[in-house]
Amino acid sequence: MGEQWLSSSMVAPCLLLLLFGIVGGGGVLRVHGQADNLGFLSIDCGLPESAAGYVDNVTKLSFVSDAGFIDAGTNYNMSTEYITPSMGKSFHNVRSFGGGASARNCYTLRNLVSGLKYLIRAKFMYGNYDGLNRVPVFDLHLGVNYWTTVNITDADTPVIVEVIAVVPGGSAQVCLVNTGSGTPFISSLDLRPLKNLLYPMANATQGLVLLARANFGPSDGKLIRFPDDPHDRIWFPMSKPTEWSEITTPLKVQNIDNDNFEAPTAVMQTAITPINASSPIEFFWDAEPSANDPAPGYICILHLSELQLLPRGAARQFFVTINGLLWYPRGFSPQYLYSNAVFNSNANYGFHQYNVSLNATPNSTLPPILNGLEIFSVVPTAGVPTAAQDVSAITAIRGKYQLKKNWMGDPCVPKVFAWNGLGCSYAVSIPPSVTGLNLSASGLSGNLSSSFASLRGLQYLDLSRNNLTGTIPDSFSQLSSLTLLDLTGNQISGSIPSGLLKRMQDGSLTLRYGSNPNLCTNGDSCQPPKKKKSSKVAVYVAVPIAVLLVIVLLSVLFLCMLRRRQGTTSRNSVRPPNKAGIASSHSHSRVSNEHSSLRLDNRRFTYAELEAVTDGFRREIGKGGFGRVYLGTLEDNTQVAVKLRSENSDQGEQEFLAEAQTLAKIHHKNLVSLIGYCKDREYMALVYEYMSEGALHGHLRGRGNNSRCLTWRQRLRIALESAQGLEYLHKGCDPPLIHRDVKPANILLNANLEAKIADFGLLKAFNSGSDTHVSTNRLVGTTGYTAPEYLLTYQLTIKSDVFSFGVVLLEIVTGKPHILNDPERTSITQWVQRCLARGNIESVVDTRMSGDYDVNGVWKAADTALKCTAQLPEHRPTMTDVVAQLQECLDLEAARCDANGGFYSAGSGGNPSGYSGYGTDISTDVSQSSTGFEMERLGRVPTLPTGPDVR
Ligand SMILES: *[C@@H]1O[C@H](CO)[C@@H](O)[C@H](O)[C@H]1NC(C)=O
Ligand SMILES: *[C@@H]1O[C@H](CO)[C@@H](O)[C@H](O)[C@H]1NC(C)=O
Ligand SMILES: *[C@@H]1O[C@H](CO)[C@@H](O)[C@H](O)[C@H]1NC(C)=O
Ligand SMILES: *[C@@H]1O[C@H](CO)[C@@H](O)[C@H](O)[C@H]1NC(C)=O
Ligand SMILES: *[C@@H]1O[C@H](CO)[C@@H](O)[C@H](O)[C@H]1NC(C)=O
């Protein structure tokens with residue numbers, strides 16, 4: 001077994017190339033915008049918040065300051081004697097967590113897509129930043145799971161760690177944990193999204209921690225990274241001229257279909273074979289037991305491709321064995337110019353040392369070949385974080401009261417790092433939850449956050465001795481497990497909610513409220529505190545006004561009909577007396593400040609007036625079940641759309657009246673507004689604001705004069721605005737309203753491409769108080785957009801609209817119709833699911849956008865759409881959730897556009913989620929001489945301490 005071909009001292013120089021980066025590699029960078037599309041994020045830790053993000057002038061990479069990702073730690077500059085001219089700027093400064101910092105400090109990477117796979121890489125270079133010349137050892141956690149131990153061995157040796165993991169939520173946290181062996185610090189942090197197809201061994205319950213990644217045979221010592229590797233993995237060059245001969249090809253090495261690794265062609269184009277053709281290729285590494293994992297398992301991936309066109313009769317075939325066990329028993333023959341891989345998908349060997357050997361089979365005429373190698377250890381990622389609702393509630397509380405404390409990372413997990421002041425319950429089989437919260441004397445000011453009431457399992461809540469003002473929210477009554485509420489010593493006013501009073505009376509709750517001079521404690525006799533314009537008052541007022549409106553509207557209709565019957569010809573004089581009444585309605589609706597700038601005078605038209613307005617119904621602009629829609633112009637030149645009910649309309653008088661009445665009541669900037677109506681003999685019409693850009697449908701199909709393609713940002717805005725319109729129907733109206741016919745044809749765009757929902761003919765009130773659903777005896781809506789439960793049972797909920805909206809959102813992302821022929825009739829939902837299961841987002845996105853979008857945003861939008869189209873209504877999000885998700889997509893896109901526009905700033909300050917200038921660290925060539933130099937200087941392995949090793 002004497003073949004020694006891979007040594008640790010050879011790994012080291014490769015690493016240095018990465019760190020000290022490189023000189024003279026001008027032409028490597030592709031167009032900057034492309035990197036952005038990949039959703040890469042590069043964070044320079046310790047770069048001051050005030051410093052703008054920068055593009056490294058050597059590597060052409062965009063870095064952002066870490067200020068928006070963490071709110072603990074102190075920035076330091078590396079000691080100048082460690083700075084070399086070729087070193088990447090991101091190493092010049094670090095963020096350090098000494099002094100009063102808590103044991104665990106976390107970076108939060110937001111706007112990730114739940115369930116997607118990411119490569120996360122952290123770099124550490126001590127450089128005696130603190131002047132103490134003491135190198136630390138500390139742990140890294142990914143969320144609630146142990147990731148790795150960072151062992152800094154000297155001041156000028158950088159350490160790089162990498163994990164490939166599936167993120168369980170919309171964000172991921174990278175935490176530095178002080179284990180008592182020195183102060184944790186960090187130089188930079190990289191995030192690279194990966195397709196789910198890649199590295200199938202990384203799944204929801206296990207992550208892959210990199211031990212080694214090597215490119216065999218390059219004679220130029222060049223490090224391979226982005227853009228040569230589109231996933232920005234870092235491949236260290238390996239060659240040993242005394243032992244191996246090198247084979248190279250200038251030809252492209254293709255990835256096979258559904259390749260699980262997509263090894264880049266630049267890596268696969270070079271390979272080694274033993275010089276002594278009868279020798280095997282062998283290497284080994286030692287298992288690295290740790291306190292967390294005494295018997296770690298490993299995944300080893302050999303990347304293999306034939307680079308020589310073999311003559312007739314020649315064959316290259318070899319066995320791969322691990323510790324003498326046949327690993328690939330059949331004998332492997334690499335395919336010519338196709339990359340393939342031999343790997344183990346289970347890491348359950350428990351050896352102390354792993355010996356891998358590639359031996360030619362008896363039939364082979366050529367020695368084995370090896371192009372690339374990756375070795376990973378496996379870490380479990382199955383730790384269960386705190387219940388999501390509790391996390392968002394406590395995070396909102398932290399934000400509102402600006403609590404810093406040690407409130408970082410998961411609130412309850414791991415137990416030893418549970419947040420100060422939090423009590424948690426750790427039941428088996430359900431996520432931990434928050435049961436107690438002690439914020440006594442924590443300097444809280446402002447009113448009582450309703451987020452406290454979202455901590456549903458709360459048993460005690462101590463807010464005593466703060467400076468809290470305002471009233472006790474009614475929602476506190478919903479905390480059914482609450483046994484102690486201490487509000488002593490604040491400035492709380494108002495009265496105690498009756499729900500809490502009742503619980504006090506029956507003895508299930510102790511409420512302490514002393515020293516709140518303005519709090520009224522004797523129930524009903526309290527004077528209501530002076531309120532400004534509370535929303536509650538608005539609701540009470542709005543309801544009677546709405547009722548009044550309907551009455552007014554109906555009586556006007558009646559009056560109008562009466563006059564018509566009397567045969568009066570004074571058509572121009574019929575002006576409804578109720579103008580003021582109707583106009584006032586929206587000032588009391590809950591979204592009063594949001595309504596459209598269009599004046600909402602619900603005017604009543606005669607048929608003759610409509611004839612005049614539309615110039616004799618000359619220009620038809622649309623057609624629906626109800627009848628035809630005509631373009632009209634009012635006296636003041638306002639353009640309007642006149643929807644005239646046709647004789648044989650399938651919308652009856654009832655529905656017409658329903659739509660008119662509903663529209664008179666609801667006002668929202670994302671619902672088409674009614675300007676007037678006509679009920680004149682048999683003629684019925686509705687007059688709307690004119691939406692000059694027509695329906696979204698036409699824009700997506702690119703038909704007629706709407707053929708210009710909507711950008712991703714425009715699409716997102718349209719999606720967001722339509723979602724807001726629907727959210728208003730569902731949430732802002734009481735009872736909630738169900739639209740029942742959400743589809744691109746019913747989303748209209750005005751000249752500014754603002755979207756508004758139209759066509760309320762099928763609108764249905766949904767009394768959420770008593771009913772759990774509405775049953776209808778007639779199926780309405782449009783095939784392909786209707787929710788499955790409605791088709792089956794005729795039962796409607798607001799979630800039926802969510803389903804339809806999901807289909808619309810998929811159309812917006814893909815630009816495809818909701819039913820495809822691919823080649824059989826397939827719903828767009830199934831089609832997108834199929835593509836995404838293969839991790840293939842690019843194949844889903846509308847090609848007319850030419851790749852000009854933020855990939856994370858597209859993933860998130862597609863993911864949201866698929867959640868909306870879940871089979872079971874209870875699995876679908878609410879429109880409120882959808883609005884939030886789309887807003888995040890839009891923020892991502894806006895950040896990307898800003899970055900591309902050159903207005904690049906550190907993604908910090910007011911917009912911590914808007915990491916913008918992604919970009920990538922890009923490798924450039926290294927001259928041989930610098931390789932030699934660095935090799936001499938280093939002499940040992942920094943990040944790959946054990947492997948692959950000499951034998
Ligand atoms: C990079 O920028 C720094 C100052 O910002 C400058 O001193 C240095 O010469 C630049 N290096 C190259 C290779 O342009
Ligand atoms: C860190 O690395 C050094 C050198 O390899 C080793 O001696 C030491 O035991 C390591 N420390 C820990 C805590 O793993
Ligand atoms: C992840 O992969 C491991 C090893 O193949 C397997 O045991 C585990 O069940 C997988 N987890 C999931 C959630 O698929
Ligand atoms: C080697 O060749 C023989 C004869 O063609 C065949 O039976 C055998 O399966 C081959 N072995 C391998 C490992 O392919
Ligand atoms: C409480 O708030 C009042 C008014 O804002 C302020 O004057 C007072 O100093 C605050 N007290 C504490 C202890 O923060």
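Throughout, numbering of the chain's residues begins at 1 and tracks the sequence. Counting starts at 1 for both ligands and their atoms, in listed order. Predicted, not measured: the structure shown is a model, and the values here were computed from it.
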Tell me every residue that passes side-chain hydrogen bond (donor to acceptor under 3.5 Å, both in side chains) with S425, counting only those two or more places apart in sequence or in another chain. S433
Answer yes or no: is there an ion pair linking D881 with K867, defined by an N-O contact shorter than 4.0 Å? no
May I ask you to decide whether D232 forms a salt bridge with R121, counting only side-chain N to carboxylate O separations under 4.0 Å? yes
With F417 via ring-ring contact (aromatic ring centres under 6.0 Å, His included) - residues at least two apart: none
Lining ligand 3 at under 4.0 Å, by non-hydrogen atom distance, are residues N203, T205, Q206, N346
Less than 4.5 Å apart, any side-chain heavy atom of S333 and any of F318? no
Give the atoms of ligand 2, by number and element, whose distance to some non-hydrogen atom of N151 is under 4.0 Å. 1 (C), 2 (O), 3 (C), 8 (C), 10 (C), 11 (N), 12 (C), 14 (O)
Heavy-atom contacts with V137 under 4.0 Å: which atoms of ligand 2 show up? List them by number with element. 13 (C)
Side chain, backbone, both or neither: which part of T149 comes within less than 4.0 Å of ligand 2 when only heavy atoms are counted? neither
Ring pair (Phe, Tyr, Trp, His ring centres under 6.0 Å) for Y298 and Y354? Distances and angles first, verdict last. CA-CA 9 Å; Y298 291 89; Y354 290 78; 5.2 Å; yes
For residues 370-388, which side-chain donor-acceptor pairs fall under 3.5 Å, sequence neighbours excluded?
| from | atom 1 | to | atom 2 | distance (Å) |
| --- | --- | --- | --- | --- |
| N371 | OD1 | S305 | N | 3.0 |
| N371 | ND2 | M268 | O | 2.9 |
| N371 | ND2 | S305 | O | 3.3 |
| E374 | OE1 | Y199 | OH | 3.0 |
| E374 | OE1 | H303 | NE2 | 2.8 |
| E374 | OE2 | Y199 | OH | 2.6 |
| E374 | OE2 | R213 | NE | 2.8 |
| E374 | OE2 | R213 | NH2 | 3.1 |
| T381 | OG1 | A204 | O | 3.0 |
| T381 | OG1 | T205 | O | 3.4 |
| T381 | OG1 | Q206 | N | 3.1 |
| T386 | OG1 | D410 | OD1 | 2.4 |
| T386 | OG1 | C412 | N | 3.1 |

